[in-house]
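Note: hydrogens, waters and symmetry copies are ignored here, and every other heavy atom, side chains too, is used.
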Amino acid sequence: MIETTIKSIIHHHASDPTRLLDILLDLQNQFGYLSAETITQTADLLDIPVTRVQGVVAFYNFLYAKPVGRYRILLSNCIIDTMHGALAVMDQFCQQLGIKPDQLRSDGKVSIAETSCSGFCDQGPAALINGVAIASLNSQRIASIVNLIENDTPLKDWPAELFQRPDNIQLPGYLLKQAITPGSAISSLLSRGTQATLDEIEQSALRGCGGAGFPTASKWRYCRDAEARQHYVVCNADEGEPGTFKDRVLLNQFADQMFEGMTICARIIGARQGFVYLRGEYLYLKDKLQQIIDERTANHWLGNDIAGVTGFDFEIKIRLGAGAYICGEESALLESLEGKRGIPRIRPPFPVTHGYLNQPTVVNNVETFATAAKIALEGSQPFNQQGTANSPGSRLLSVAGDCTHPGIYEYPFGTRIDQILDDCRAENTLCVQIGGPSGTMIAEADFHRHISFEDLPTGGSFIVFNGTRDPLEIAGNFVAFFAHENCGFCTPCRVGTTLMKNTLSKINSGSGSQDDIAELHQLCELISKNSHCGLGQTAPNPVMDTLACFAERYQAKVNNRTFTPDIDLEAALQEARQLTGRDDPAAHLDQFNE
């Protein structure tokens with residue numbers, strides 16, 4: 001029976017090893033977890049090494065090699081969820097369900113654990129239950145969820161109000177005020193011409209909206225000009241940076257426009273196949289996105305002979321991630337899309353010449369494709385009428401933290417930080433984290449600075465912290481995130497982020513010394529200069545920024561000694577004293593401190 005089910009699922013995915021992640025997710029949905037037998041049979045049926053399947057299962061946080069129960073609760077430990085009571089939520093769930101974190105309840109029904117940012121920072125604390133997001137958790141909602149679990153109510157029968165997730169668009173602008181009519185940008189592309197449309201995108205100076213800011217037109221041109229048997233378009237919908245949720249809103253309200261942008265890109269570069277790599281935390285959006293794809297296909301805006309043009313063929317498939325922050329990096333995403341561990345590739349070569357299946361590939365994020373579609377429809381001028389000379393256009397910001405009105409704000413580039421703080425009703429602001437943990441922290445003296453590529457670039461995260469927060473604890477949360485989410489490929493990041501986390505924890509506990517502060521400086525330099533990819537290179541940013549902005553707070557937490565050990569040596573000797581029956585002064589280390 002098990003073997004028959006495995007064969008059926010693998011056959012459904014065309015026995016294609018590049019779809020290994022989809023296969024494993026479907027198998028897990030069927031069996032509850034991925035047993036050694038399931039892994040072995042999957043490898044045999046796909047004719048790939050069992051170590052490859054084992055490696056993929058071990059890599060992704062949402063794949064389980066051991067039972068996790070019929071109900072799996074994952075609570076977001078993002079700094080914003082923590083600020084809004086995530087620890088208390090964890091305690092309530094544990095007490096009411098009679099469970100402990102990271103342990104399966106004795107009856108095999110339920111387990112609970114922490115997960116990284118779930119993309120609902122504007123309405124936390126939030127959790128994933130069997131992969132489906134539930135936001136705005138409070139005592140009443142927790143009690144309702146516990147009752148549903150204890151009564152074995154299937155998730156599909158839970159009350160709809162538990163799954164309400166408002167988009168919280170607080171300030172719409174160029175992109176958000178009105179979505180384009182489906183097909184209108186494609187019609188403009190066909191009437192204007194592909195080269196003229198690419199010229200409009202180049203004249204707009206649109207840059208990638210995921211954080212790196214590479215010119216969009218240049219990326220598309222490089223890919224178009226690369227000779228190959230096939231070209232691909234990939235939408236990176238794996239926004240995993242803590243504090244970022246703008247793409248979630250775009251996927252919910254502007255998916256048609258995103259698909260239109262992908263189709264325009266396909267026409268320009270000569271691609272016939274596209275993928276949306278959807279982060280696992282947004283599982284609840286998958287069916288809706290597929291429905292939109294089906295509607296566009298039925299209306300001849302996708303599929304064969306799009307808009308009646310012979311040979312204009314392009315299809316889009318959705319591929320689901322499985323909880324790996326590193327897959328937001330474009331080359332790691334491509335590895336995952338090929339059914340592998342999400343290990344960033346060595347570059348060059350770049351994806352525009354050697355991307356998916358080693359073929360030329362454009363990888364852009366949701367906001368970039370949605371914006372490109374609007375530029376293709378309206379031309380570059382409306383986009384260029386806002387922003388700055390070096391940063392035309394607007395940027396969507398995911399604003400959350402210590403503010404009265406969290407949500408999505410769209411601002412022209414050049415908008416000052418203090419203006420944003422006023423708009424979201426932030427008070428007594430101590431600092432702001434721009435661009436997520438890998439971005440930049442600024443204190444009050446820099447609130448006159450502005451969002452732009454020439455000043456403060458950002459992939460969209462804007463986290464507000466008021467004067468009651470401890471910057472070192474904030475940095476500690478961010479560094480713990482990087483230590484947990486690194487891919488494990490290179491030593492500087494794998495070991496360095498853990499050392500950085502432990503050293504900062506030591507200082508936060510009051511056990512640090514001047515030597516530990518010096519050690520943090522050295523670790524930051526080593527990790528940033530020697531790591532394999534952008535995750536490692538930017539992982540020290542929270543520590544470096546807090547060392548620069550809040551040096552006095554570090555000094556206030558360290559003692560006057562030059563050095564203190566990482567472990568309590570006196571306590572470590574207690575077992576030896578008990579075994580030997582000694583408790584005289586010579587058996588204690590205090591004598592050496594006199």
Side-chain angles (χ1 to χ4, degrees), residues 76-89 116-126 168 170 211 241-246 397-409 411 415-451 455-482 500-501 504-505 507-508 520 538-557:
S76 172
N77 62 8
C78 170
I79 184 66
I80 306 174
D81 290 86
T82 302
M83 288 160 52
H84 293 133
L87 296 178
V89 169
S116 297
C117 183
S118 60
F120 288 89
C121 300
D122 57 330
Q123 43 200 299
N168 288 339
Q170 303 284 0
E241 197 75 37
T244 308
F245 47 91
K246 62 184 179 64
L397 295 182
S398 309
V399 179
D402 292 317
C403 57
T404 305
H405 300 303
I408 301 299
Y409 292 74
Y411 287 105
T415 302
R416 287 168 53 121
I417 303 303
D418 48 17
Q419 177 64 57
I420 301 169
L421 292 172
D422 286 344
D423 290 344
C424 70
R425 300 295 188 269
E427 297 180 355
N428 186 31
T429 303
L430 175 69
C431 57
V432 178
Q433 185 73 24
I434 298 170
S438 63
T440 305
M441 176 182 284
I442 62 169
E444 186 176 4
D446 287 323
F447 289 172
H448 64 281
R449 297 175 63 183
H450 52 80
I451 299 293
D455 190 2
L456 290 170
T458 173
S461 172
F462 190 97
I463 308 175
V464 182
F465 300 101
N466 67 26
T468 68
R469 310 298 179 184
D470 184 344
L472 274 68
E473 291 185 1
I474 296 167
N477 180 283
F478 289 158
V479 170
F481 167 79
F482 285 122
M500 191 164 55
K501 179 188 73 171
L504 191 54
S505 177
I507 292 173
N508 273 325
L520 276 180
T538 58
N541 285 3
V543 176
M544 291 191 294
D545 288 345
T546 51
L547 282 167
C549 295
F550 301 103
E552 74 285 353
R553 301 213 179 200
Y554 278 89
Q555 293 299 327
K557 288 198 175 186

**OP:** Measure the shortest side-chain to side-chain distance between D81 and V89 over non-hydrogen atoms and say whether it is less than 4.5 angstrom.
**Re:** no

Original post:
Rounded to the nearest 0.5 Å, how far apart are CD of Q433 and CD1 of I442?
Top reply: 9.5 Å

Original post:
Any donor and acceptor pair, going by atom type alone, linking the side chain of D122 with main-chain N or O of I408 inside 3.5 Å?
Top reply: no

Subject >> Single hit among N428, I474, I80 for side chain to side chain contact (heavy atoms under 4.5 Å, CB included) with F465 >> reply: I474

Original post:
What heavy-atom pair brings S116 and S76 nearest, and what distance separates the two atoms?
Top reply: O-OG, 4.0 Å

Subject >> Point-to-point distance, once rounded to the nearest 0.5 Å, from SG of C424 to CD of Q419 >> reply: 10.5 Å

Original post:
Under the 3.5 angstrom rule, does the side chain of T546 hit a backbone N or O of P542 as a donor-acceptor pair?
Top reply: yes

**OP:** Write out all pairs satisfying salt bridge (charged side-chain N to carboxylate O under 4.0 Å, His left out) with one or both partners inside residues 462-472, taking only residues at least two apart or from two chains.
**Re:** D402-R469, D470-K557

**OP:** For T429 and E427, run side-chain contact (heavy atoms from CB on, under 4.5 Å): C-alpha distance rounded to whole Å, both residues' side-chain angles, the deciding distance at 0.1 Å, then the answer.
**Re:** CA-CA 5 Å; T429 303; E427 297 180 355; 6.0 Å; no

Subject >> Pairwise side-chain contact, V399 with Q170, heavy-atom cut-off 4.5 Å (strictly under) >> reply: no

Original post:
If you round to the nearest 0.5 Å, how far is CZ of F478 from CD1 of I463?
Top reply: 4.5 Å

Subject >> Check: C78 and C121 side chains under 4.5 Å, non-hydrogen atoms >> reply: yes

Subject >> Listed partners of Q555 passing side-chain hydrogen bond (donor to acceptor under 3.5 Å, both in side chains), at least two apart >> reply: Q514

Original post:
What is the distance from atom CE of M83 to atom CG of N477, rounded to the nearest 0.5 Å?
Top reply: 10.0 Å

**OP:** Quick one: closest heavy-atom pair of P406 and A400, and the distance?
**Re:** CB-CA, 4.1 Å

Original post:
Does a side-chain heavy-atom distance below 4.5 Å link Y409 with D423?
Top reply: yes

Original post:
Is the backbone N or O of A126 less than 3.5 Å from a side-chain atom of S118, with the two atoms forming a donor-acceptor pair by type?
Top reply: no

Original post:
For the atom pair CD (E473) and CZ (R553), what is the distance rounded to the nearest 0.5 Å?
Top reply: 10.5 Å

Subject >> For D455 against H450, the heavy-atom pair lying closest together >> reply: OD2-N, 2.9 Å

Original post:
Are D446 and I417 close enough that some pair of their side-chain heavy atoms sits under 4.5 Å apart?
Top reply: no

Subject >> Minimum-distance pair of heavy atoms, taken over all atoms of L472 and L504 >> reply: O-CD2, 4.0 Å

Original post:
Can you find a heavy atom in the side chain of F482 that is under 4.5 Å from one in the side chain of M500?
Top reply: no

**OP:** Kindly compute the distance separating CD1 (I79) from CZ (F481), expressed to the nearest 0.5 Å.
**Re:** 12.5 Å

Original post:
Which atom pair, heavy atoms only, marks the closest approach of A426 to V464?
Top reply: CB-CG1, 3.8 Å

Subject >> Side chain to side chain, I420 and F447, heavy atoms closer than 4.5 Å >> reply: no

Subject >> Non-hydrogen atoms of M441 and F550 that approach each other most closely >> reply: SD-CE1, 3.9 Å

